[in-house]
2 protein chains.
Amino acid sequence: MKDIRQKLVEQLRTGNCTPRIALLARKLKEPSTTLHYNIKKLEREGAILGYKAVFDHRKIGGGFTAFVLLTLSPDEYGDPERLANEFAKHPQIESVDIITGDWELILKVRTKDQDDYFEFVKKVISKKGVTKIKTLTSLRQMKSEFVEL
Amino acid sequence: MKDIRQKLVEQLRTGNCTPRIALLARKLKEPSTTLHYNIKKLEREGAILGYKAVFDHRKIGGGFTAFVLLTLSPDEYGDPERLANEFAKHPQIESVDIITGDWELILKVRTKDQDDYFEFVKKVISKKGVTKIKTLTSLRQMKSEFVEL
DNA sequence: TAAATAATTGAATATCATTCAATCCTATGA
DNA sequence: TCATAGGATTGAATGATATTCAATTATTTA
């Protein structure tokens, strides 16, 4: 048996999907060519960045979810985007935001379990420039990516 | 001119998309029927919850993003899910998590601007059961929904 | 080891996205 | 008011794709 599952998840997580124009045409009672035109326009304008699958992460080896608050050392203050971009590269990280207040960055992280998360914090998050880390562990997700769970 | 744009955004925000099997078949060098079978299986198992568009929220009237930390009154302590589910219904709310630590809930909220956000806090978030609200305003998003921006 | 169940796959079909050209609408300026 | 140009809408035709089906192969179960 091939292990296609993992490859599929990898591909569908960030793209490789497309809108169902014919279905939308029926729902909205509009000609599909009109919808096609308007969707392409949204894409051209950069309003639509892509199409992707939404997963129940518990079922694809991402049972642990946490929000991570970070403060940066004064030398990173001027350019928090450098570190933020570095974090963004990791597939375990769902979102990266530079924020106001007592913390500079907030990350949303998905790992298999708490052990995995601890390893991830040690290897990826704890780096020069990060002076303080606070983890808010998700006990229950009610909504994610605008989808109610 | 019809205003289809808003209706499309509404529909594509949470679903009405589908995987591009033929494209994946070329990428992964597997027969499209095999991929079709495996994708349907992921759907049946509930691992895939749906397919949706990813937006640049700044271009569809959601220029303001914030993470909202909430503490609940002792009487809501026992059943934070009730309030969480209520929040989840609002389209401005991207995610709702029940968390550990000093706060009980974290929301990710998208509104047009800060004024809109203030209205939203007053009308929706400030309700009986919520005793403390802390807003972390996003100044810059580097990644969202696993998509680098 | 046999039988049952699950997974893979090519061929055929049904559905759909996309293209194209014609038409309509809207904004702009004389 | 009218003419014009660019954008938006749409039906018909086409090309591409998802889906179904049946046959085969692999894996699990008893």
Side-chain angles (χ1 to χ4, degrees), chain A residues 1-63 91 112 145-147 149, chain B residues 1-63 91 112 144-149:
Chain A
M1 185 176 61
K2 302 182 175 183
D3 194 19
I4 283 169
R5 197 185 154 97
Q6 201 49 44
K7 286 178 190 168
L8 278 175
V9 168
E10 206 174 285
Q11 295 292 324
L12 295 173
R13 222 167 51 99
T14 57
N16 297 290
C17 297
T18 192
R20 298 186 57 183
I21 297 179
L23 174 68
L24 287 166
R26 286 190 293 269
K27 276 198 191 183
L28 304 178
K29 299 194 203 307
E30 297 285 354
S32 67
T33 44
T34 302
L35 297 186
H36 183 269
Y37 176 84
N38 278 275
I39 289 171
K40 290 303 160 196
K41 187 158 167 277
L42 283 165
E43 292 174 5
R44 258 187 286 118
E45 291 170 358
I48 291 177
L49 300 172
Y51 307 94
K52 53 159 287 189
V54 178
F55 291 97
D56 182 338
H57 291 272
R58 292 169 300 185
K59 299 197 175 161
I60 56 164
K112 183 160 64 67
E145 303 183 31
F146 295 105
V147 177
L149 305 173
Chain B
M1 184 176 59
K2 302 182 174 184
D3 193 19
I4 283 169
R5 197 184 154 98
Q6 201 50 43
K7 287 177 188 169
L8 278 175
V9 169
E10 205 174 285
Q11 295 293 324
L12 295 173
R13 222 167 52 100
T14 57
N16 298 290
C17 297
T18 192
R20 299 187 56 183
I21 297 180
L23 175 67
L24 287 165
R26 286 190 293 268
K27 276 198 189 183
L28 303 177
K29 299 195 204 307
E30 298 284 352
S32 67
T33 44
T34 302
L35 298 186
H36 183 267
Y37 176 84
N38 279 275
I39 289 171
K40 290 302 160 195
K41 186 158 167 280
L42 283 166
E43 293 174 5
R44 259 187 286 118
E45 291 171 358
I48 291 177
L49 300 171
Y51 307 93
K52 53 159 287 186
V54 179
F55 291 97
D56 183 337
H57 292 273
R58 291 169 299 184
K59 300 197 176 161
I60 56 165
K112 182 161 65 68
S144 175
E145 304 184 29
F146 295 105
V147 177
E148 295 191 52
L149 305 175

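This structure is a prediction, so every number in the text was calculated from the model and none was measured. Below, each value reflects all heavy atoms present in this structure, side chains not excepted, and no hydrogens, waters or symmetry copies.
- One can place CD1 of Ile39(B) at 14 Å from C1' of dT8(C), the figure rounded to the nearest angstrom.
- Regarding contacts with the backbone of dT9(C), a side-chain N or O of Thr34(B) is found under 4.0 angstrom from either OP1 or OP2.
- Put simply, CZ on Arg44(A) is 11 Å from C1' on dA8(D), counting in whole angstrom units.
- A salt bridge links Glu43(B) with Lys40(B); the closest basic N to acidic carboxylate O contact falls under 4.0 Å.
- Here dT17(D) presents its P atom at 13 Å from CG of Asn16(A), a figure rounded to the nearest Å.
- Ranked by how close their nearest DNA chain D nucleotide is to the 5' end, Leu35(A) and Arg20(A) are led by Leu35(A).
- One can place NE2 of His36(B) at 16 Å from P of dA14(C), the figure rounded to the nearest angstrom.
- Judged by distance alone, with hydrogens and angles left aside, the side-chain atoms of Lys52(B) form a donor-acceptor pair with the main-chain N or O of Arg13(B) at under 3.5 Å.
- Partner of Glu45(B) under the salt bridge (Lys or Arg N to Asp or Glu O under 4.0 Å) criterion, out of Lys59(A), Arg58(A), Arg5(A): Arg5(A) alone.
- Shown here for Tyr51(A) and Cys17(B), the closest heavy-atom pair between the two residues is CD2-SG, 3.6 Å.
- A straight line from NZ of Lys29(A) to C1' of dT10(D) spans 18 Å, rounded to a whole angstrom.
- The side chain of Tyr37(A) places an N or O atom within less than 4.0 Å of a non-bridging phosphate oxygen (OP1 or OP2) of dA8(D).
- Using a 4.0 Å cut-off, some side-chain N or O of Arg26(B) falls inside it from OP1 or OP2 of dT17(D).
- One atom, CD1 of Ile21(A), and another, P of dT10(D), lie 14 Å apart when rounded to the nearest Å.
- Side-chain N/O atoms of Asn38(A) include one lying less than 4.0 angstrom from OP1 or OP2 on dT9(D).
- In terms of position along DNA chain C, the nucleotide closest to Lys41(B) lies nearer the 5' end than the nucleotide closest to the other residue of the pair Ala22(A) and Lys41(B).
- Look at NZ on Lys40(A): it is 14 Å from P on dC20(C), rounded to the nearest Å.
- A distance-only check finds a donor-acceptor pair linking the side chain of Asn38(B) to the backbone of Thr34(B) [under 3.5 Å].
- Arg5(B) places its CZ atom 10 Å from the P atom of dA8(D), with the value rounded to the nearest Å.
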